[in-house]
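Worksheet for the structure shown next.
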Amino acid sequence: MSQQQKAEQFHNLHVKGDPVILYNIWDAGSAKAVSDSGAKAIATGSAPVAMAQGFGDGEKIPFDFVLGNIERIVSSVSLPVSLDFEGAYSVEPDVVGTHFTRAIATGVVGFNFEDQIVGGDGLHSISGQAKRLMAARKACDSASVGAFINARTDLFLKAKMKGEPHTQEMLDEAVLRATAFADAGANGFFAPGLLDLDMIAALCERVSLPVNIIALPGAPENSQLANVGVARISYGPIPYKKMLQWMENEARVALSQ
């Protein structure tokens, strides 16, 4: 199957009310394990990719390593592969486009692309992030690969990390961002950290793009998310953290004998 065909297959998996499940991986070995489980697609998580190599999240891992890692992942499975690209390792739209072009050359057919200022405070302005998305879209189209760009907003996750409540005003801003991102060429809208089912339902109703929710602790059940129109459910760093905890526990048992 060609890269373009895989891209089409990945697009078609995003159906409101029948979400694609992405059990996020970090290397070729974990990709193979998830592929063998019956998954329909493979997706990295930036945090587990970084942590598995001893780096912190937030573009701390070298860019060339990210590309080499995703290329090995693509080569290890026959499924469509999506890359958690964080902020594409640049603020400037021109450089964003160049980095997307390099990433597409590895064989990936999807991207997460976030609106937070990586390594800084707050979010990119809506117009600023739209320009960055347009550069990413142009790179994907110029490569003749209709890659799926999942535009992520960190509005809800940042509030959650600060212990702040999610408000109607935040939901309204998320809708504004989703609308602008769709106009700029995004194919999906990712709202990590949003856990309230009613707010998720409102987001799905008000946003034209397929909505992605992450299955963090405290999130609604997958069936509930499907019922309110979610099109994509991902697991982020949870699989890696669970695996690491299992390994530590097993090691403690072995070392205590």
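All values below come from the heavy atoms of this structure, side chains included, with hydrogens, waters and symmetry mates left out.
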Donor-acceptor contact below 3.5 Å, side chain [X] vs main chain [Y]:
X    : Y    : value
E248 : Q245 : no
E86  : G58  : yes
H99  : A88  : yes
S35  : A31  : no
Q3   : S144 : no
T44  : D84  : yes
Q224 : E221 : yes
S234 : G236 : no
R132 : V91  : yes

Anything under 3.5 Å between a donor and an acceptor, one on a side chain of residues 107-120, the other on a protein residue two or more places apart or in another chain? List them.
residue : atom : partner : partner atom : Å
N112    : OD1  : N150    : ND2          : 2.9
N112    : OD1  : R232    : NH2          : 3.4
E114    : OE2  : Q116    : NE2          : 3.0
D115    : OD1  : D154    : N            : 2.9
D115    : OD2  : T153    : OG1          : 2.8
D115    : OD2  : R177    : NH1          : 3.1
Q116    : OE1  : K158    : NZ           : 3.3

Residues L22, K40; criterion side-chain contact (heavy atoms from CB on, under 4.5 Å); working and verdict: CA-CA 8 Å; L22 298 177; K40 296 179 180 179; over 6 Å; no
Please report the C-alpha distance between S46 and V49 in whole Å, then the side-chain angles of each, then the deciding distance to 0.1 Å, and finally whether the side-chain contact (heavy atoms from CB on, under 4.5 Å) criterion is met. CA-CA 5 Å; S46 65; V49 168; 5.8 Å; no
Closest non-hydrogen atom pair, [X] against [Y]:
X    : Y    : answer
P237 : M51  : CB-CE, 4.3 Å
L79  : A41  : CD1-N, 4.1 Å
A151 : A186 : CB-CB, 3.7 Å
N187 : A147 : OD1-O, 3.3 Å
G97  : A139 : O-CB, 3.4 Å
I126 : F181 : O-CE2, 4.2 Å

Can you tell me how far the [atom1] atom of [X] sits from the [atom2] atom of [Y], to the nearest 0.5 Å?
X    : Y    : atom1 : atom2 : result
K131 : E92  : NZ    : CD    : 10.5 Å
I42  : N24  : CD1   : CG    : 9.5 Å
F190 : I149 : CZ    : CD1   : 15.5 Å
L133 : H124 : CG    : NE2   : 10.0 Å
H166 : L155 : NE2   : CG    : 8.5 Å
I233 : I213 : CD1   : CD1   : 8.5 Å

Will you find, in the side chains of N12 and E8, an N or O donor that is under 3.5 Å from an N or O acceptor? no
R152 side chain near P192 side chain, heavy-atom distance below 4.5 Å: yes
Determine whether L13 and F148 make a side-chain contact, defined as any pair of heavy atoms from C-beta on separated by less than 4.5 Å. no
For the pair Y89 and F63, name the ring-plane relationship: parallel under 30°, tilted 30 to 60°, perpendicular over 60°. tilted
Which of parallel (below 30°), tilted (30 to 60°) and perpendicular (above 60°) describes W26 and Y240? perpendicular
Start with the C-alpha distance between D27 and R72, add both sets of side-chain angles, then the distance that settles side-chain contact (heavy atoms from CB on, under 4.5 Å), and finish with yes or no. CA-CA 8 Å; D27 61 11; R72 287 188 292 274; over 6 Å; no
Would you say [Y] ends up clustered with [X] if hydrophobic residues are merged whenever their side chains have heavy atoms under 4.5 Å apart, either directly or through other cluster members?
X    : Y    : value
I104 : L67  : yes
V230 : L195 : no
L216 : V20  : no

Flag the pair R137 and D183 as a salt bridge only when some basic side-chain nitrogen lies within less than 4.0 angstrom of an acidic carboxylate oxygen. no
Determine whether more than 12 heavy atoms belonging to other residues, nucleotides or ligands lie under 6.0 Å from atom [atom1] of [X].
X    : atom1 : value
D121 : CG    : no
E164 : CD    : yes
K32  : NZ    : no

Assess whether salt bridge (charged side-chain N to carboxylate O under 4.0 Å, His left out) is satisfied between R102 and D64, documenting all intermediate values. CA-CA 10 Å; R102 290 186 62 190; D64 285 342; 2.9 Å; yes
Should F55 and F65 be marked as a ring pair (Phe, Tyr, Trp, His ring centres under 6.0 Å) after you check the CA-CA gap, both sets of side-chain angles, and the distance that decides it? CA-CA 11 Å; F55 294 94; F65 186 94; 7.1 Å; no
Step by step, would you call V145 with C140 a side-chain contact (heavy atoms from CB on, under 4.5 Å)? CA-CA 6 Å; V145 177; C140 294; 5.9 Å; no
Residues which pass side-chain contact (heavy atoms from CB on, under 4.5 Å) with D196, listed by chain and number, not counting sequence neighbours: D198, M199
Of I214, I200, V211, which is the lone residue that meets side chain to side chain contact (heavy atoms under 4.5 Å, CB included) with L194? I200
